[in-house]
Amino acid sequence: MACAATLNVVIFREKGVCMNFWDREETISAEELQKLQFLRLREVLGRVYQAVPFYQELFNRHQVHPDELDALDDLSRFPFTTKEALRDNYPFGLFAVPLKEIVRLHASSGTTGKPVVVGYTQQDIQTWSGLIARIATMAGVTRDDVAQVCFSYGLFTGGFGLHYGLEKVGATVVPASVGNTEKQIMLLQDFGVTVLVCTPSYALYLAETVRDLGAEPQTLPLKVGMFGAEPWSEKMRRQIEEALGLLAFDNYGLSEVIGPGVSGECREQNGLHINEDHFLVEVIDPESGQVLPEGAEGELVFTTLTKEGFPVIRYRTKDLSVINRERCACGRTMARMRKVAGRADDMLIIRGVNVFPSQIESVLMEVPEAAPHYLIIADKKKGCLDDLEIQVELNRDKFTGSWRDLEEVEKKISRKLVNVLTVSARVRLVEPKTLERTAGKAKRVLDKRS
Ligand code: DLL
């Protein structure tokens, strides 16, 4: 039963508790959702088949036709789309509408060579801001908040993506973008910013810089952090929450699918609700490509159900996660994905053993003498044997010993690492603030072998 409505926020009363949702769709039943997904899926498959020569050719080659979709499960007969295919069609080859219908272009970040260019229609921009409004509301953001967006606005999707959705919620948005950390801190203080929006690694850097300036980061008026765009462990969450005196919420997305807004955490902080009425998720075995049963860990694959400008069909993300369909205490019915621990292509193979940066991070976060700034370096020793070195900054607040003690700490971390990774790694504690900081995605791995 609805008990009140402010802005677009639908507030339901359940068991005497008022809960905030942005859209009614967030609480629809499984049957309703599947019905909606099926209709939308059939529509988008037909649309890309007609409008995008790439998909027509791909479907024909795999001998599948949109008309053959009788149930949601039939999607598994359709081929995957990969980043390579998107790059090959640079810049606008996969757009499903004429360029005159596109009102915004963004591009994927990082990687060398040509980026993947993504285009949005007027309606896509509306959809996108609505999805961000959902995840902001999930994190507890309201029109009473002042939100500082410290993501790049060009051509990265983070800046504008979060910006429009936060405005939609009615928050006062500060488009600070990236760089000039001291000025960012001045804005946080002077504008009474209550919501910080950036990468988790930048949140830690901000806290560190506030301390360097002689202030206590907990005294900032921040209440909520909406962090995403890179993997971060549960332990890093606690560190950020403690350092900045806020509640930190994860949000996930990727340019190819829409940007941020694919999923976000609610106040339970126990998995990210996927906006399943707009994105159909599958989990596959990254090796065989087989769809995995519910609850198994694998690679996330998304199909966009409502995007007009740049729909993608079965897009392989390389991100590893698990889907949980148990009912969430927040009342939302949308499935939750476990925090993304890493990408299939972030995995290092060290002397035949699979090593994920997230495993290393979780060990480091348990060691008080280690600061949350680290770099993983893989190399070849004597030209052939894999060698793993972990450089981690010393946490001066927790270390008062001598050089000899330093060695002991390094050995302690090495022992913990070998237990978790099953391969040995050399640990080198380095001076505080000597590893590179970035306002964008943290670079944690340096693989010198390739
Ligand atoms: O990073 C979109 C975004 C912006 C998400 C702001 C959240 C906040 P891309 O640059 O295309 O887009 O990078 C997408 O980043 O495939 C993941 O590997 C990683 N990633 C994004 N969010 C998370 C997260 C944006 N919350 C790639 N946890 C994805 C872990 C994440 N990894």
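Heavy atoms only: backbone and side chains are in, while hydrogens, waters and symmetry mates are out. Just so you know, ligand 1 is whichever comes first in the structure, and atom 1 is the first atom listed for that ligand.
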**Student:** Considering only heavy atoms of G158, which atoms of ligand 1 have at least one such atom less than 4.0 Å away?
**Tutor:**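 This gives 4 (C), 6 (C) as the contact atoms.
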
**Student:** Quick one: which ligand 1 atoms are inside 4.0 Å of a heavy atom on N251?
**Tutor:**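 Atoms satisfying the 4.0 Å criterion: 7 (C), 8 (C), 22 (N), 24 (C), 26 (N).
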
**Student:** Applying ring pair (Phe, Tyr, Trp, His ring centres under 6.0 Å) as the test, list every pair that has at least one member in residues 118-139; sequence neighbours left out.
**Tutor:**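 For residues 118-139, and leaving out neighbouring residues, the ring pair (Phe, Tyr, Trp, His ring centres under 6.0 Å) pairs sorted by first residue read H106-Y120, H106-W128, Y120-W128.
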
**Student:** Does W232 reach ligand 1 with a nitrogen or oxygen that is under 3.5 Å from one of the ligand's nitrogen or oxygen atoms?
**Tutor:**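 Such a contact does not occur with ligand 1.
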
**Student:** Ligand 1 versus D319, non-hydrogen atoms closer than 4.0 Å: side chain, backbone, both, neither?
**Tutor:**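 Within the 4.0 Å criterion, D319 contacts ligand 1 through side-chain atoms alone.
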
**Student:** For ligand 1, which atoms, with element, lie under 4.0 Å from some heavy atom of T157?
**Tutor:**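 Taking each heavy atom of T157 in turn, ligand 1 has 2 (C) under 4.0 Å.
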
**Student:** Between L272 and ligand 1, which part of the residue brings a heavy atom under 4.0 Å of the ligand: side chain, backbone, both or neither?
**Tutor:**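 Neither part.
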
**Student:** With heavy atoms only and a cut-off of under 4.0 Å, state how K318 meets ligand 1: side chain, backbone, both or neither.
**Tutor:**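 None of K318 does.
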
**Student:** Is there a polar contact, in the sense of an N or O pair closer than 3.5 Å, between K441 and ligand 1?
**Tutor:**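 There is such a contact, yes.
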
**Student:** Quick one: does M226 get a heavy atom under 4.0 Å from ligand 1?
**Tutor:**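 No; M226 lies far enough from ligand 1 that no heavy-atom distance drops under 4.0 Å.
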
**Student:** Looking only at distances, please establish whether an N/O atom of ligand 1 is found under 3.5 Å from an N/O atom of E230.
**Tutor:**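 Yes, E230 has an N/O under 3.5 Å of an N/O on ligand 1.
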
**Student:** Could you pull out, from S263, S108, G253, G228, the option with a heavy atom nearest to atom 21 (C) of ligand 1?
**Tutor:**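 It is G253 whose heavy atom sits nearest to atom 21 (C) of ligand 1.
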
**Student:** F78: which residues meet the ring-ring contact (aromatic ring centres under 6.0 Å, His included) condition with it, sequence neighbours left out?
**Tutor:**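 For F78 the ring-ring contact (aromatic ring centres under 6.0 Å, His included) partners, ignoring immediate neighbours, are F59.
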
**Student:** Side chains of E241 and Q269: donor-acceptor distance under 3.5 Å anywhere?
**Tutor:**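 A pair is found: one side chain offers a donor N or O, the other an acceptor, under 3.5 Å apart.
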
**Student:** Which label fits H163 and F160: parallel for a plane angle under 30°, tilted from 30 to 60°, or perpendicular past 60°?
**Tutor:**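 Taking F160 first and then H163, their aromatic rings sit tilted (interplane angle of 30° to 60°).
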
**Student:** Are any of the side-chain nitrogens in E43 or R47 under 4.0 Å away from the carboxylate oxygens of its partner?
**Tutor:**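 Yes.
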
**Student:** If you measure from the Lys or Arg side-chain nitrogens to the Asp or Glu carboxylate oxygens, is any gap between E265 and R237 under 4.0 Å?
**Tutor:**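 Between R237 and E265 there is a salt bridge, with a charged N closer than 4.0 Å to a carboxylate O.
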
**Student:** Looking at ligand 1, is there an atom of it that comes within less than 4.0 Å of some heavy atom belonging to F227?
**Tutor:**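 Per 4.0 Å heavy-atom rule, F227 does not contact ligand 1.
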
**Student:** Can you list the atoms of ligand 1 that are under 4.0 Å from a heavy atom of D250?
**Tutor:**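 By the 4.0 Å cutoff, the relevant atoms are 24 (C), 26 (N).
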
**Student:** State whether a side-chain donor-acceptor pair under 3.5 Å links E361 with Y374.
**Tutor:**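 Side-chain D/A pair, E361 to Y374: present.
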
**Student:** Between D387 and R426, does any side-chain N to carboxylate O distance fall below 4.0 Å?
**Tutor:**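 Between R426 and D387 there is a salt bridge, with a charged N closer than 4.0 Å to a carboxylate O.
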
**Student:** If you measure from atom 9 (P) of ligand 1 to every heavy atom of G264, G261, S255, which option wins on shortest distance?
**Tutor:**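 Selected option, by shortest heavy-atom distance: S255.
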
**Student:** Tell me yes or no: between the side chains of T306 and H278, is some donor less than 3.5 Å from an acceptor?
**Tutor:**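 The criterion, which ignores hydrogens and geometry beyond distance, is satisfied for H278 and T306.
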
